[in-house]
Amino acid sequence: LNSLCTSNGNGDHSFITDWNLTWHTENPDFTQCFQNTVLVWIPCIYLWVCFPVYFLYLRCHDRGYIQMSNLNKAKTALGLILWIVCWADLFYSFWERSQNIFQAPFFLVRPTVLGITMLLATFLIQYERIKGVQSSGVMTIFWLISLLCAIVVFRSKIIHDAEVDAFRYATFCIYFVLLFVQLILCCFPERPPLFSETVNDPNPCPEFSASFLSRITFWWITGLMVQGYRRPLEAKDLWSLNKEDKSEEIVPEAEALIIKPSQKSSEASLFKVLYKTFGPYFLMSFLFKAAHDLLMFAGPEILKLLINFVNNKAAPNWQGYFYTGLLFVCACLQTLILHQYFHICFVTGMRLKTAIVGVIYRKALVITNSARKTSTVGEIVNLMSVDAQRFMDLATYINMIWSAPLQVILALYLLWQNLGPSVLAGVAVMILLVPINAVMAMKTKTYQVAQMKSKDNRIKLMNEILNGIKVLKLYAWELAFREKVLEIRQKELKVLKKSAYLAAMATFTWVCAPFLVALSTFAVYVTIDKKNVLDAQKAFVSLALFNILRFPLNMLPMVISSIVEASVSLKRLRVFLSHEELDPDSIIRGPITEGEFLFLLKISMCKFWQAELCTLYFSINFTVPEGSLVAVVGQVGCGKSSLLSALLGEMDKKEGYVVVKGSVAYVPQQAWVQNATLEDNVIFGREMNESRYKRVIEACALLPDIEILPTGDKTEIGEKGVNLSGGQKQRVSLARAVYCNADVYLFDDPLSAVDAHVGKHIFEKVIGPKGILKNKTRVLVTHAINYLPQMDTILVMSDGEISEMGSYQELLKQDGAFAEFLRTYANAEQSMENSGKLLIFMRIVSTTGLLSFGLEGKGSKNTLRAGKGLDCRATVYWDYMKAIGLFISFLSIFLFMCNHIASLASNYWLSLWTDDPVINGTQQYTNVRLGVYGALGISQGLLGIAVFGYSMVVSIGGIFASRHLHLNLLHNVLRSPMSFFERTPSGNLVNRFSKEIDTIDSTIPPIIKMFMGSTFNVIGACIIILLATPIAAVIIPPLGLVYLLVQRFYVATSRQLKRLESVSRSPVYSHFNETLLGVSVIRAFEEQKRFIKQNDVKVDENQKAYYPSIVANRWLAVRLEYVGNCIVLFAALFAVTARNKLSAGLVGLSVSYSLQITAYLNWLVRMSSELETNIVAVERVKEYAEMEKEAEWSIEQTAPASTWPKEGKVEFRGYGLRYREDLDLVLKNINVTINGGEKIGIVGRTGAGKSSLTLGLFRINEAAEGEIIIDGINIAKIGLHDLRFKITIIPQDPILFSGSLRMNLDPFDQHSDEDIWRSLELAHLKNFVSSLPDKLNHECAEGGENLSVGQRQLVCLARALLRKSKILVLDEATAAVDLETDKLIQSTIKSQFEECTVLTIAHRLNTIMDYTRVLVLDRGEVVECGSPDHLLQEKGIFYSMAKDSGLV
């Protein structure tokens, strides 16, 4: 290099460096040679190194073409002018040569290199424009470096203006100005590219159109922050997602990679898939992380130089300021790089979650029923929420795997340089601690698995409780189920407690480790050799390095446990994703050909999700000609529904083949209704056709219902159709099938849930020979005999075989089982041929008042909450402290204080020690100093016991709190009235029990620990800085103020983003739940694509709120770290200015503390915002504690005698009932006296208030007026359980809970086995149950799915027989049961409840013809009352109903 600087012989600028000129002087400068070579080449080398990589990157990422704009023209022009200026210099040099003035060679080299580089820069400016880059980081950095180098040269030119060459001076000034302008222009972004999505996007994300500076400081989100600070944010304020974060981009990639390999190898390595999908983007984070790690060590090194500077009184002042500046710049760079890194990690995490949710959803649509059996809805929802979350957490930690060891190695290397071999003592201590931590991590994993298991069970049980809450209330079983939940919860808490002890141990080792390391190292260092002096430089640089070491060593266990958790989740995911899928070829779906239209069916099948009851269809062969109407009849549980499942391809085919031609529509036995408007439910994704829609609605008898709904067919139907009655749901389900205009219709007993006359209407208008579907092929499973004569073919099934087959007449002639079957019933129900006119009547919506859907349950509460801000937070924290127990709370705070005071004291003592004067190369009081340092440390260790203490206290406190809060939540939810459950989507409730309780269990306690720790650390650091340089008192308060302002500003927005995120999370789960329930319907209609799209949209909506909240975190962190960096700057600056008064020890102490403060501030904010957002869980749990409650369950004073009711006399006196305060009465002035032992039938048109009467009797709804008196006791005065235990109901829809059959019959274990068997025998279930392998312990599936509907109904009958109470209410329990079973039930009731009062709500009049009296209700009033014969003679409403049913 020197040769470049020498011109012929005269060595004026001879050397490239000259230390006397540059360093040991009050006025530093570089040599001319250095300025003209090195300073010119730095920017050039940078650009040429970046160019190939950047060029390739741009080739691959084309964002579209940007039109030429003034900005772009200016940049290009300036680039060219720069080139001209540089080459002007070159030509000037050539001219000089021609004049025989020989300058040094660099005058030729410099302009050549610079000129070519400027051309390259200009080329890049244009190339970026063509590839659609709106703001370029590479170029901004290039101009910045160039300008910095030019400033140095410029300064020296001004100082030495004597020896200036006028022409070169002029060109240089122009060059300098142009660079400056280029840099400024580079800070403005270009306009968006043509044809990009952002143009037609109503609310695009400003990220891509932001300038480079704005992106690295996250300035572009400030607009949203301001908006959120001014007013609560709404969903419409959120930006749309970037294209590469959307579901439709991410999921197909991941899915293709997961699904394809899984066919070949059983273990599709999910990890590989995730790597392939997200690897390239994630690799960027490696570079950032590495850069950050290296910069981290700049701090201690600069600190070393600073301490030397303070010790060396001769050093010129500017060096101190130079070091300070360097420290600040390093810190700032570190901040920017770190947060770019975090941003990449979080975005990757977000994409991972999107991919996982999408893949799970797609998988759930194709798995077989047997596989559905193995993972319950609760587990799958957990996969989506908890396990996907685990992956997100992992994304942020995974780089620590290589980064932590790297940091450790670097730190050890620098320490070795500093202290020599005595470092090994410290390292030994660390290495000893690693296995301890590893053991703990392993233990934690086992506990975790156990806890997840309990949690799955608990959520599954809660799910069922919430689905069957009505039954629980009617049977007064809440307490039994509460005990079951608490039992599981108890197990869970036990595990939690164990992991809390572990966590406390871990915290103890973490907090004491750094100190023990420092102590052992210093002790060894000082004692090895008397000549070893512990001076400020050695002590504090070592401490700073130990502090750096502390982080990776703390992180490693976390990373390991995070990886462990993720691997557990991976396993669970893999198990779910490798479930077998439905074989799409098990049925052959052909197109329609002319001529005969067939189903061909020859199969022996096994109903799989009932492996123990293998129902075999022995070679069923039948063909159905086109357009015929086929009925399938048979006993309960003989496989009628399974036959339809087989036709839909939902069963496992063993052999044979099924051919279905044309499209299929399916109406399941239990209607599945979506949470959408009624119209959407009917149209079901087809296009709207007004006239057809009207026809369908009318044929399905939905018109009267639509008139009553608050907004007609635009009414939002609640989850699982809570605001429709059973009959309405069934009709909606039917209308959906009819509307879709398929070729083949499969009806699974749709007529059972509706009243007789409605059923007749539907049969005539829809299914029958004259209905809308008369030209279609229809298969109808039915129990209603009266329609059979109109069928083309009838299949009679028994035990999974077709025993007879033929038309009605043929089967009668054969005189087989079918004829027998008919004879029994023909007398009971005469054919309905002669039915009267059909009355269409008003229907008052029953079972719930008109639901005010809309905002309720969607988040109107939260909106109010978020506005209240701080005051409500304070009360929440107070609630939480009360839940922990106030003594424990304050104790933990006290222990924290002690711990931190001890640690500050020990470090202060160290600084005094290092300032001991050195005499003859040794320090004098070494042993005293070491002793006291050790003592303080041990006291910190004793307070290490304090650490153990506080950690223990917080964790155990947290467990107390979560036990207390869960108990309250459970108790309050079970005590809520029915109306609450009808109003609140079950997804919300399940969310409370899973997510919120999980947060309180395992997230809040560690966050509280870290929050307290960070707080005290920051306070401690400030105290030390103030001790060293009291002048810092001027600067710390304003910085503190800025800090608080930024923090408040952020929290306002962050909390709302969090709220929007959680509000938009619920629909994802509800939609998922809904899909799982209706999966067979979705498959039958082949609507999978649409549902997948819906799911994607919902996930994207959720991520739309999540993305800004990540960025807001980064925004905040960058701002706050700058505050921290300012503290570093000022601590160092004041130390430099006061260097004559300060000892090196204090400078070291204050700067080494200030170096940590940034990290602590960062943690502090992260923890406080985490705490804020997570403490919401406490609030949401408390929210339900303040809901309205039912009346007391039992009241001591008024509790009736145990024998009550003796005779079972029920009186209604002026009774009236309404569903909600603002609605009309559903029942008005009912005055009836029912004597003990009477059998009463209650009849009336749909919606006349029949069910409401029973609800009133059970006090599911309290009376609005009047009273009900049973055996002289007013039921409103006694406890609910006292009342409900004494009345028995057989409800309309039979609900079973998962658990043993025995538990379903007798959850309180009050009865002996004999009693139970007797009741089963009377309920005609004995044969069935004794044929089961486990008898009474037979496990019922979720919702009783492995029993047929009829069998479930009989189980409900058995429950009633067991309770044997004086008053029995039958809510038309026989609709879903075939006639034979129906007859059995009726006779059982007659014989067994002879002396009881029986109230029957009848849909089929023939069941009540022999009752003592009949009440006829109409529009909520009793219109007729008397014996059936008497009423028939009166020719009133009862007579017309009987006529409709063909009984007269």
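Residues take their numbers from the sequence shown, with the count starting at 1.
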Given the rule in the side-chain contact (heavy atoms from CB on, under 4.5 Å) test, do L305 and F309 qualify, once you have shown the distances and angles that lead to the verdict? CA-CA 6 Å; L305 297 171; F309 164 76; over 6 Å; no

Are L1026 and T1029 close enough, and set up right, to give a side-chain contact (heavy atoms from CB on, under 4.5 Å), and what steps lead you there? CA-CA 5 Å; L1026 286 174; T1029 48; over 6 Å; no

Can you tell me if F894 has over 12 outside heavy atoms packed within less than 6.0 Å of its CZ? no

Tell me whether K1141 at atom NZ has more than 12 heavy atoms from other residues, nucleotides or ligands lying less than 6.0 Å away. no

Which heavy atom of [X] sits nearest to which heavy atom of [Y], and what is that distance?
{"X": "F297", "Y": "Q407", "result": "CZ-O, 3.3 Å"}
{"X": "I1157", "Y": "C1022", "result": "CD1-SG, 4.0 Å"}
{"X": "C332", "Y": "Y1122", "result": "SG-CE2, 3.3 Å"}
{"X": "A1132", "Y": "V1151", "result": "CA-CG2, 4.2 Å"}
{"X": "F540", "Y": "G1148", "result": "CG-C, 3.7 Å"}
{"X": "M392", "Y": "G349", "result": "CG-O, 3.2 Å"}

Would you please name every residue forming a salt bridge (Lys or Arg N to Asp or Glu O under 4.0 Å) with K289, sequence neighbours left out? D293

Do [X] and [Y] come within less than 4.5 Å of each other through their side chains, counting heavy atoms only?
{"X": "L39", "Y": "V152", "result": "yes"}
{"X": "C149", "Y": "P43", "result": "yes"}
{"X": "L306", "Y": "V1136", "result": "yes"}
{"X": "Q340", "Y": "M284", "result": "no"}
{"X": "N1125", "Y": "Q334", "result": "no"}
{"X": "Y525", "Y": "S542", "result": "no"}
{"X": "T1137", "Y": "Y321", "result": "yes"}
{"X": "F1134", "Y": "I1025", "result": "no"}

Verify the distance criterion only: is there a donor paired with an acceptor across the side chains of R1114 and H343 at less than 3.5 Å? no

Return the [atom1] to [atom2] distance between [X] and [Y], rounded to the nearest 0.5 Å.
{"X": "S1154", "Y": "L1149", "atom1": "OG", "atom2": "CG", "value": "10.0 Å"}
{"X": "I1023", "Y": "S1150", "atom1": "CD1", "atom2": "OG", "value": "14.0 Å"}
{"X": "M296", "Y": "L406", "atom1": "CE", "atom2": "CG", "value": "10.0 Å"}
{"X": "S422", "Y": "K538", "atom1": "OG", "atom2": "NZ", "value": "9.5 Å"}
{"X": "I1019", "Y": "S1014", "atom1": "CD1", "atom2": "OG", "value": "11.0 Å"}
{"X": "L333", "Y": "L295", "atom1": "CG", "atom2": "CG", "value": "6.0 Å"}

Tell me, with the steps shown, if F546 and T521 meet side-chain contact (heavy atoms from CB on, under 4.5 Å). CA-CA 10 Å; F546 280 132; T521 309; 3.5 Å; yes

Test side-chain contact (heavy atoms from CB on, under 4.5 Å) applied to Y46 and I42, step by step: CA-CA 6 Å; Y46 161 78; I42 290 174; 5.7 Å; no

Checking L414, L303, V423 against L545 for side-chain contact (heavy atoms from CB on, under 4.5 Å), the one that qualifies is L414

Would you check if the side chain of S403 reaches a backbone N or O of M400 as a donor-acceptor pair within less than 3.5 Å? no

Apply the test side chain to side chain donor-acceptor pair (under 3.5 Å) to residues Q417 and Y413: give CA-CA distance (whole Å), side-chain angles for both, the deciding distance (0.1 Å), then the verdict. CA-CA 6 Å; Q417 282 194 330; Y413 169 70; 3.1 Å; yes

